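What follows is a short report on a single structure.
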2 protein chains.
Amino acid sequence: MDIRRFISGIFLFHSFTEKEIDLLEASASLKKVHKGEQIFSEGLDATAFFVVVSGKVKIFKLSPDGKEHTLHIHSPGDLVAEAAIFDSMLYPASCVALEDATLLRISREGFLSIIKRHPDLALKMMSGYSRRLRQFVAKIEELSLKDMKARLASYLLEHSTVENGVTICNLKYSKKELSALLGTIPETLSRTLAFLKQNNLIIEKNNAIIIPDPDKLRIFSL
Amino acid sequence: MDIRRFISGIFLFHSFTEKEIDLLEASASLKKVHKGEQIFSEGLDATAFFVVVSGKVKIFKLSPDGKEHTLHIHSPGDLVAEAAIFDSMLYPASCVALEDATLLRISREGFLSIIKRHPDLALKMMSGYSRRLRQFVAKIEELSLKDMKARLASYLLEHSTVENGVTICNLKYSKKELSALLGTIPETLSRTLAFLKQNNLIIEKNNAIIIPDPDKLRIFSL
DNA sequence: CACACACCTTGACTTAAGTCAAGGACACCT
DNA sequence: AGGTGTCCTTGACTTAAGTCAAGGTGTGTG
């Protein structure tokens with residue numbers, strides 16, 4: 001895998017000159033991880049941030065009694081933990097590979113020295129931050145103001161596409177992971193899916209959910 | 001109130017020249033609001049962000065059936081809704097004054113043109129963003145992984161100071177507001193306070209909570 | 001192919017916390 | 001001072017969702 005080519009493809013670095021890409025490349029390395037492998041743990045020194053090259057990783061919080069909440073699942077192209085390098089310098093959550101993955105690791109020191117010479121980089125990062133804040137606001141809203149039916153309905157609608165006139169949501173993660181992402185346990189996810197099925201709001205087919213009437217399901221998402 | 005003097009006191013603008021402060025001042029105005037007055041609503045065009053000069057404002061989400069969740073309460077010196085001007089351009093939540101307040105309003109257009117000439121501003125803003133993200137991660141953790149006792153215990157410990165060898169948390173908001181901030185209803189907050197009182201973990205005195213044994217209360221905050 | 005393990009579903013049961021109601025306390029206004 | 005409205009507390013009751021357990025299914029390994 002050509003690091004330079006991958007770096008050039010990242011939106012953040014589009015305006016970099018060859019020399020600047022050299023500098024960044026010197027601060028970067030590829031990290032291959034296997035499914036289940038820990039990439040970093042909450043509370044540890046944030047020596048780097050990452051960009052997902054392939055595979056999927058999840059960011060999550062663990063409670064003392066072993067319960068887990070997934071903050072985000074990152075796919076190829078996503079930045080991971082970039083906020084941690086600007087303040088406090090500790091990772092605020094943990095990161096694990098959901099499947100075999102490759103990550104571009106960019107060291108904090110290298111990146112901070114580059115961004116000081118390219119503060120316009122920071123301006124470019126602002127919209128990414130803004131989007132991340134909005135995602136978190138939406139998650140807080142769901143956890144505090146919506147029940148499981150509404151959360152699941154919202155998830156299904158937001159992650160569905162229209163294929164041959166049929167609205168369909170292909171499940172990209174296991175149900176166990178989906179339940180952790182939606183803030184519940186697998187039992188409750190099963191029950192909520194069953195409720196939606198029994199009320200003819202969804203049809204489950206292999207690893208996909210067909211939504212016969214998206215407008216009807218939308219009523220449940222509020 | 002001297003806008004220029006206030007602007008100069010904001011960390012973000014410390015390195016501005018007189019001329020630059022002129023430009024910023026031209027994009028700014030003071031906004032006086034009364035207790036309960038709406039400053040902006042979720043979904044509206046984000047034409048400006050704000051800095052709290054005096055008083056307190058809350059950022060909150062409302063559900064269709066009138067339930068409310070407070071995302072943050074801002075005090076003098078805090079930036080409000082600055083993220084909204086970088087992406088999407090809509091306010092992701094609403095803002096209301098908790099008491100009579102004065103806000104510095106900075107127009108989006110003015111600020112964006114200034115930041116394009118001062119991208120180092122964006123770099124300065126990154127640590128503020130990083131802190132905001134951490135706050136949201138902590139809130140999500142509490143809503144998903146902690147019960148009300150733990151949440152309240154955490155809040156009391158984090159907002160307490162030691163006065164004359166006594167750990168004391170002065171309540172800065174009404175209990176109604178505190179319950180919305182902690183993600184519950186007033187009844188549950190009352191009950192949880194009563195539980196902590198009956199177990200000798202807190203003593204309630206006027207508008208303050210005395211914590212006789214912080215280490216003991218900390219066990220409940222996990 | 002057989003076995004082990006993890007995931008998923010379902011049932012019984014429990015619990016945290018919300019809903020509804022009412023009374024008391026307090027603050028504000030006339 | 002009296003009246004009104006809001007907040008706060010408490011009780012009775014309900015509900016959403018978690019805990020625990022067990023069985024079925026699917027996947028991976030030897």
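Please read all numbers here as calculations on a predicted model, not as lab measurements. Residue numbers begin at 1 in each chain, while the letters A, B, ... track the order of the sequences. Computation of the quantities below employed the complete heavy-atom set of this structure, encompassing side-chain atoms and omitting hydrogens, waters and symmetry-equivalent molecules.
Classification of the A/Tyr91-A/Phe40 ring pair by plane angle, with boundaries at 30° and 60°, yields parallel.
The closest donor-acceptor contact from the side chain of A/Ser174 to the backbone of A/Glu177 lies under 3.5 Å.
No option in A/Ile7, A/Leu79, A/Leu24 other than A/Leu79 meets the side chain to side chain contact (heavy atoms under 4.5 Å, CB included) test with A/Leu12.
Of all heavy-atom pairs between A/Pro214 and A/Leu157, the closest is O-CD2, 3.8 Å. The shortest non-hydrogen separation linking A/Ser154 to A/Ser221 is OG-O, 3.3 Å.
Between B/Leu143 atom CG and C/dA17 atom C1' there is a gap of 14 Å when expressed in whole angstrom units. When the P atom of D/dA17 is taken as reference, atom CD of A/Glu142 falls 12 Å away, rounded to whole Å. In this structure, B/Lys175 places its NZ atom 14 Å from C1' of C/dG24, rounding to the nearest Å. When the P atom of C/dC7 is taken as reference, atom CG of A/Leu171 falls 16 Å away, rounded to whole Å. Remark: C1' of C/dA6 and CD of A/Glu99 are 17 Å apart, rounded to the nearest angstrom. Between the CG atom of B/Asp65 and the P atom of C/dC20 there is a distance of 10 Å, rounded to whole Å. Going from atom NZ of A/Lys35 over to atom C1' of C/dC7 covers 11 Å, rounded to whole Å.
Using a cutoff of 4.0 Å between basic side-chain nitrogens and carboxylate oxygens, A/Glu204 and A/Lys175 are scored as salt-bridged. A/Glu142 has no carboxylate O lying under 4.0 Å from a charged side-chain N of A/Arg151, or vice versa, which leaves the two without a salt bridge. Ion pairing between A/Glu37 and A/Lys31 fails under the 4.0 Å rule for side-chain N and carboxylate O.
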When you compare the protein's N or O atoms with those of nucleotides 24-27 of chain D, which come within less than 3.5 Å of each other, and at what distance?
none

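Of the N and O atoms on the side chains of A/Thr47 and A/Asp45, not one donor lies less than 3.5 Å from an acceptor on the other residue.
Using a 4.0 Å cutoff on non-hydrogen atoms, the parts of residues 176-198 of chain A near DNA chain C are A/Lys176, A/Glu187, A/Ser190, A/Arg191, ordered by number. Listed in residue order, the members of residues 144-158 of chain A having a heavy atom less than 4.0 Å from DNA chain C come to none.
Put simply, the side chain of A/Met89 reaches to within 4.5 Å of the side chain of A/Arg108, judged on heavy atoms.
In this structure, A/Lys149 is positioned above the aromatic face of A/Phe195, its NZ or CZ under 6.0 Å from the six-membered ring centre and within 45° of the axis.
Here B/Lys67 does not reach the OP1 or OP2 of C/dG18: none of its side-chain N or O atoms lies under 4.0 Å away.
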